[in-house]
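Worksheet for the structure shown next.
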Amino acid sequence: MSAPTTATTVAHAATAGRTRTRTQLVLRRMRRHPGVLIGGGLLLVIIAATLFAHVLAAYDPLDIDPENLSGPPSAKHPLGTDSLGRDLLSRVLYGGRISLLLGLISVAISLVAGVALGMAAGYFGGETDEVIGRFIDVLLAFPGLLLAMLTIFALGVGLTNAMIAVGISGIPLFQRATRAEVLSAKQNLYVEAARAIGAPEGIILWRHLLPNIIAPNVIVATLRVGTAIIFGASLSFLGLGAQAPAPEWGLMLAQGRTFLNVAWWLSFAPGLAIFLVVMATNLFGDGLRDVLDPRLRA
Amino acid sequence: MGSFVIRRLLILIPVLVGISFLVFSAMYLLPGDAIDSLLAETGGSTRDIERLRKEFGLDQPFLVQYGTFLSRAVRGDFGMSLRQRIPVKGAIKDQMGATIELTLAALVISIGMGIGLGVVAAIRRGTWIDTTAMFISLIGVSMPIFWSGLLLIFLFSLRLGWLPAAGTGGFAALILPAVTLGFSAAAIIARVTRSSLLDVLGQDYVRTARAKGLGNRVVVWGHAMRNALVTVVTIVGLQFGGLLGGAVVVETVFGRQGIGFLAADAIRQQDFPMVQGTVLVSTLAFVLVNLAVDIVYGFVDPRIRYA
């Protein structure tokens, strides 16, 4: 979509209907927001790098080279090699796939469960709201990483379970955002009208209430991806997530830290990768919030 | 006020029951009985399995086990550690001090740094000072603490040799872990302080204070901060949970003693009595801190009580 540059295009867009102008307005604000631009740009570069890891990486991330253990950065190995002689740049590139996938899947889990619980609580109210609210209170009572660790304890160590664990720990954020939005949206006249003509509850929830909660949940989801990636990497760092020989950033850092004094690059590169991904999503998420919901602007 | 505190305490009961239920069920879901995997490693017989299952009460029905667990847990008794063969209560008591020391030190750092950065950014809104402060805060929320911890160890212990890289006990050994942990929380406190102070600075009573000729310092610290702090206190309470969770990682990075390290180790070893004890104690600490924050809140802002 091109930018409405002249007054006439703006006027045309305005007559074309509210949704279109709003979309255009949001896109225009996004193009002008430094956080969205820098964060989004960085994120695109990172996503492209991980998607094309098989092209960009000169080595197989699992290939061991006994001739070149903990080698310093060189022309052949720009980031050096790890204690088993595996090329660090290749491992960092492939590791991006794991971290980004973990971010996406765990946030998807939080989103789906949180939106469902939030809509049920907000729409039905009463005892449903009470029961769901208490359940969310219990989840929120666990300090940060501990709920994810407890989930890992129940399900067993591993990358898939780490995604589920991080996903569960994010449910309250989405439940609360959704519930609040549904509570105010269901006061709208069109909801009452839909109910008056006998629309089934499923239709009211799906067609009339769901569109209202998309924007706030997109913001929460974007801001959550960074935390989710850090949580996932922390679990792997603690030995509770991805297992060797997976090229997972948190795990690579844990393996590299023993050699901190002799081969600092082993823990530096994967840490920097996590930092850049998380900073990019945070910048983008903050920007998106400013653009989509100027009321919340800090 | 008394009824507010009592009401707040009553809400706590179902939450505490829920927490204990989740912590207990996690053990019940554990794939492959913990005892089986323990004996598979040490090479025990079927009779050993039977004996140990009885000893830990695992042959009882779910609700009976939960009841026993709950009635003992309220007395602080979590049974014997499966691996270390010592009472969980004693192990937690031994390690608790180190974690309290770490989280309190980190809390002080995060409050000082967070409020400082937030206030400076708000007062100098839109200038390069604001941008720099918010950039520092962005770095703080984006850095995984296991990485920032290693960077600090690399710089201050390995290269400069100023501070110890690992260990528990003594002020010097506390500095790096506390800064690592505190910085991540400071970033969030800074953001909240900035936005809440900006909000308050735009209000009429602040304009009145300025109009009657009060100096900037008095207006900001004497008038505006009082109200801005109400929001900040809540965030500090919530950040305490982040600190307790982060302590797990920081204690591992710095090879410190503490409940977090104990918990992570227990999960890796499927030592369920130890996991139950450490997770419950940490969660209870977090719940109590938030309770305290809520009550303080009620004192600071009487409007909350009647809401």
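The chains referred to below are lettered A, B, ... by the order of the sequence lines, with proteins before strands, and numbering in each begins at 1. Note that these values count all heavy atoms, side chains included, but never hydrogens, waters or copies made by symmetry.
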Is there side-chain contact between A/R134 and B/I11, with at least one heavy-atom pair below 4.5 Å? yes

Examine whether an atom of B/V141 lies under 4.5 Å from a heavy atom of chain A, and if so say whether it belongs to the side chain, the backbone or both; otherwise answer neither. both

Give, as side chain, backbone, both or neither, the part of A/L240 having an atom under 4.5 angstrom from any heavy atom of chain B. side chain

Structural part of B/V253 lying under 4.5 Å from a heavy atom of chain A: both

With chain B, the option among A/T281, A/V277, A/D286 that has the most non-hydrogen atom pairs under 4.5 Å is A/D286

Measure the shortest side-chain to side-chain distance between B/L22 and A/F142 over non-hydrogen atoms and say whether it is less than 4.5 angstrom. yes

With respect to chain A, which residue among B/G260, B/A285, B/G245 yields the maximal number of heavy-atom pairs within a distance under 4.5 Å? B/G245

If the plane angle is over 60° it's perpendicular, under 30° parallel, otherwise tilted; pick one for B/W147 and A/F268. tilted

Considering only heavy atoms and a distance below 4.5 Å, find which of A/L147, A/D137, A/L238, A/I152 pairs most often with chain B. A/L238

Flag the pair B/M27 / A/L150 as yes when at least one side-chain heavy-atom distance between them is below 4.5 Å, and no otherwise. no

Does the side chain of B/T283 come within less than 4.5 Å of A/P143's, by heavy atoms? yes

Out of B/T252, B/V192, B/V287, B/L243, which one racks up the most heavy-atom pairs below 4.5 Å with chain A? B/T252

Which bit of A/F237 is near chain B, if near means a heavy-atom gap under 4.5 Å: side chain, backbone, both or neither? side chain

Scanning both residues in full, the closest heavy-atom pair of B/G18 with A/V138 reads C-CG1, 3.7 Å

Under 4.5 Å from any heavy atom of chain B - which part of A/L139: side chain

Could you tell me which portion of B/I139 (side chain, backbone, both or neither) has an atom closer than 4.5 angstrom to a non-hydrogen atom of chain A? both

Has A/R257 got a side-chain atom pairing as donor or acceptor with B/F146's backbone, closer than 3.5 angstrom? no

Should we say atom CZ of A/R86 is surrounded by more than 12 heavy atoms from elsewhere, each under 6.0 Å from it? yes

Do B/L150 and A/W264 come within less than 4.5 Å of each other through their side chains, counting heavy atoms only? no

Heavy-atom closest contact (B/I19 atom, A/A141 atom, distance): CD1-CB, 3.5 Å

Going by heavy atoms in the side chains, are A/L146 and B/V248 under 4.5 Å from each other? yes

Using a cut-off of 6.0 Å, state whether more than 12 heavy atoms not belonging to B/F135 lie near its atom CZ. no

B/V17, part contacting chain A, at a heavy-atom distance under 4.5 Å: neither

Do the non-hydrogen side-chain atoms of A/V157 and B/R268 ever get within less than 4.5 Å of each other? no

Counting neighbours of CZ on A/F135 that are heavy atoms of other residues, nucleotides or ligands and sit closer than 6.0 Å, is the number greater than 12? no

Gap separating the OG atom of A/S234 from the CD1 atom of B/I145, nearest 0.5 angstrom: 6.5 Å

What is the distance from atom CZ of A/F153 to atom CD of B/Q276, rounded to the nearest 0.5 Å? 6.5 Å

Pick from A/I230, A/L276, A/L283 with the largest number of heavy-atom pairs that fall under 4.5 Å of chain B: A/I230

